[in-house]
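What follows is a short report on a single structure.
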2 protein chains.
Amino acid sequence: MPRAKGRQPVSSPRIGYHHGDLRRALIEAALSLVAERRGADLSLREVARRAGVSYAAPYHHFADKSALLAAVACEGFQGLVSKLERAAARKESLESELQAMAEAYVAFAMEQPSHYRVMFLPEVKASADSEALHAASERAFGLLLERVVRARPAAAASAHEVVAVTAWAALHGLALLSIDGQLQHMFPKPDKMLLHACRTITGMVKGGEKA
Amino acid sequence: MPRAKGRQPVSSPRIGYHHGDLRRALIEAALSLVAERRGADLSLREVARRAGVSYAAPYHHFADKSALLAAVACEGFQGLVSKLERAAARKESLESELQAMAEAYVAFAMEQPSHYRVMFLPEVKASADSEALHAASERAFGLLLERVVRARPAAAASAHEVVAVTAWAALHGLALLSIDGQLQHMFPKPDKMLLHACRTITGMVKGGEKA
DNA sequence: CTCCTAATCTGAATGATGTCAAGATAGAGG
DNA sequence: CCTCTATCTTGACATCATTCAGATTAGGAG
């Protein structure tokens with residue numbers, strides 16, 4: 001189907017075309033909607049409305065509602081990656097790098113709960129053009145895996161991936177439970193608990209030397 | 001389009017009433033639909049259709065679609081609890097109890113992925129009559145917490161809950177990532193990996209003695 | 001046994017959604 | 001200047017959640 005993007009060198013600062021770059025505008029609109037509504041799922045029509053176009057317009061830029069969400073999820077993973085990199089940078093020890101990354105991961109999810117949830121929507125991963133999504137997701141996991149490998153030089157190579165996945169799963173679960181408020185009635189002050197939990201998880205990475 | 005059912009004077013000895021126990025029948029219908037469809041979200045109308053009543057009938061037994069899902073989720077937690085108890089029973093060591101529970105937890109999620117997801121739907125937890133749901137959920141967590149406490153007699157009491165929550169989060173994240181197939185392209189044979197991951201998690205419980 | 005009340009179910013209606021099929025439009029290239 | 005094509009709009013369809021008024025029935029009161 002239609003797939004044109006860079007029409008002209010997008011010289012004019014204003015909208016030169018029907019809309020200029022609707023694809024981008026739709027992603028931004030969806031992003032802002034996701035940021036506002038906590039947990040409610042956004043409708044494609046509402047995204048179009050916010051972008052100032054009719055409800056069928058998005059179908060000229062995205063095959064599907066899931067495709068739009070996939071783009072939104074992709075931006076989310078990029079943001080996650082940059083946050084993780086920023087958190088790990090300028091830490092002296094490997095251990096503090098891991099700890100900082102774990103905290104940053106959970107913090108990201110807590111700061112943008114809806115966005116984080118979109119990033120893991122099952123129908124989004126099954127979307128058609130989830131190529132970029134996979135790449136971004138792998139990149140985020142790669143950051144973690146890298147540190148895990150360096151933190152466990154004595155362990156077998158295959159165990160590295162298992163431990164990294166387990167650590168990722170732990171952070172993922174912690175983020176989701178926290179977002180859902182599933183453990184708020186147990187911990188009125190969740191921040192302290194989250195820090196402690198992150199420490200427990202990073203400790204698991206070191207301690208997982210296999211029995 | 002509508003769906004006439006047992007119109008005439010109770011043709012069969014089956015249903016004696018309008019339906020007998022529609023509330024129960026709706027839950028069963030939803031359960032079977034959830035079991036069939038992998039990941040697709042069920043519609044209230046379809047549940048009613050399968051139960052053989054019109055689509056407005058459920059509103060006399062459930063305030064909301066979320067209320068029905070809450071009942072479904074509640075059954076899920078009960079099933080989880082019994083599976084965890086069965087797994088932990090007849091294990092000699094505390095360590096093998098923990099290990100068996102972790103494996104059973106992930107196995108439950110893998111066997112009934114859609115049901116597991118319903119159990120953690122955000123709109124379900126916010127449902128009106130989520131009283132029983134909370135109780136069932138707490139009971140499941142209690143099973144885990146109990147073992148964690150017994151496994152770490154030297155640690156501070158407040159740390160017990162943090163470690164238990166962290167372990168639960170790890171299992172939860174592992175289950176979700178596994179359900180979503182998020183790590184299938186990394187591990188073509190996930191079973192082995194899941195076992196190893198569970199061992200890593202149970203190891204974390206023992207090792208989390210605080211720094 | 002009859003009749004009445006309240007619980008239960010049906011049918012239509014409302015407003016919203018995702019998606020598609022034709023028409024309208026405006027910029028690009030000849 | 002005129003056509004071509006991607007882009008956008010309008011209209012339409014099927015589905016959904018939810019509500020409401022009315023029909024039906026169960027089970028107790030008389």
Side-chain angles (χ1 to χ4, degrees), chain A residues 1-12 14-27 29-30 33 37 40-72 118 121 123-124 126-128, chain B residues 1-27 29-30 33 37 40-72 121 123-124 126-128:
Chain A
M1 309 295 251
R3 204 84 197 110
K5 176 60 184 314
R7 187 127 286 31
Q8 281 194 28
V10 74
S11 49
S12 78
R14 292 248 170 244
I15 51 172
Y17 201 50
H18 277 208
H19 191 109
D21 189 355
L22 218 204
R23 182 185 166 89
R24 187 66 224 162
L26 287 170
I27 295 179
L33 276 175
R37 330 249 257 186
D41 54 348
L42 76 175
S43 74
L44 226 202
R45 285 166 117 101
E46 191 168 11
V47 174
R49 225 173 290 146
R50 172 157 301 199
V53 293
S54 75
Y55 41 80
Y59 287 93
H60 291 266
H61 299 271
F62 298 96
D64 211 337
K65 179 185 178 181
S66 303
L68 207 205
L69 290 181
V72 169
V118 169
L121 245 33
E123 75 255 31
V124 164
S127 180
Chain B
M1 323 78 137
R3 202 106 211 88
K5 218 288 197 84
R7 192 114 276 37
Q8 292 301 327
V10 189
S11 46
S12 73
R14 288 257 160 266
I15 52 180
Y17 193 24
H18 279 222
H19 191 109
D21 188 355
L22 219 204
R23 181 187 165 88
R24 188 65 222 163
L26 288 169
I27 295 179
L33 277 175
R37 330 250 257 183
D41 52 348
L42 75 175
S43 73
L44 225 203
R45 287 163 113 100
E46 192 167 11
V47 174
R49 224 171 292 147
R50 173 157 301 201
V53 293
S54 74
Y55 37 79
Y59 288 92
H60 289 265
H61 298 271
F62 298 97
D64 209 337
K65 179 185 178 181
S66 303
L68 208 205
L69 290 180
V72 169
L121 246 32
E123 76 255 32
V124 165
S127 180

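Quick caveat, the model's predicted, so the values are computed rather than measured. Letters A, B, ... are given to chains in the order of the sequence lines, protein chains preceding strands, and every chain is numbered from 1.
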Next item on the list: Identify, with sequence neighbours excluded, every residue that meets side chain to side chain contact (heavy atoms under 4.5 Å, CB included) alongside R49(A).
Entry: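 Side chain to side chain contact (heavy atoms under 4.5 Å, CB included) list for R49(A), sorted by chain: R45(A), E46(A).
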
*asked:* Checking A71(B) now: which residues fulfil side chain to side chain contact (heavy atoms under 4.5 Å, CB included) with it, not counting sequence neighbours?
replied: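 Per chain and number, A71(B) pairs via side chain to side chain contact (heavy atoms under 4.5 Å, CB included) with I27(B), F62(B).
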
Would you say R50(B)'s side chain and A29(B)'s backbone share a donor-acceptor pair under 3.5 angstrom?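 Not a single qualifying donor-acceptor pair exists.
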
Nucleotide by nucleotide, nucleotides 17-23 of chain C touches protein heavy atoms under 4.0 Å in the pattern (B base, S sugar-phosphate only, - none) SBBB---

Ignoring backbone atoms, test whether H61(B) places a side-chain nitrogen or oxygen under 4.0 Å from the OP1 or OP2 oxygen of dA7(C).
->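 Indeed not, no polar side-chain atom of H61(B) lies that close.
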
Report task. Report the distance from atom CG of L26(B) to atom CG of D21(B), rounding to the nearest 0.5 Å. Result ->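 Between atom CG of L26(B) and atom CG of D21(B) there are 9.0 Å.
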
What is the distance from CG of D21(A) to P of dT7(D), rounded to the nearest Å?
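One finds 10 Å between P of dT7(D) and CG of D21(A), rounded.
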
- [ ] Check whether any side-chain heavy atom of V72(B) sits under 4.5 Å from a side-chain heavy atom of V124(B), and report yes or no.
- [x]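 The answer is no; the side chains never approach within 4.5 Å.
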
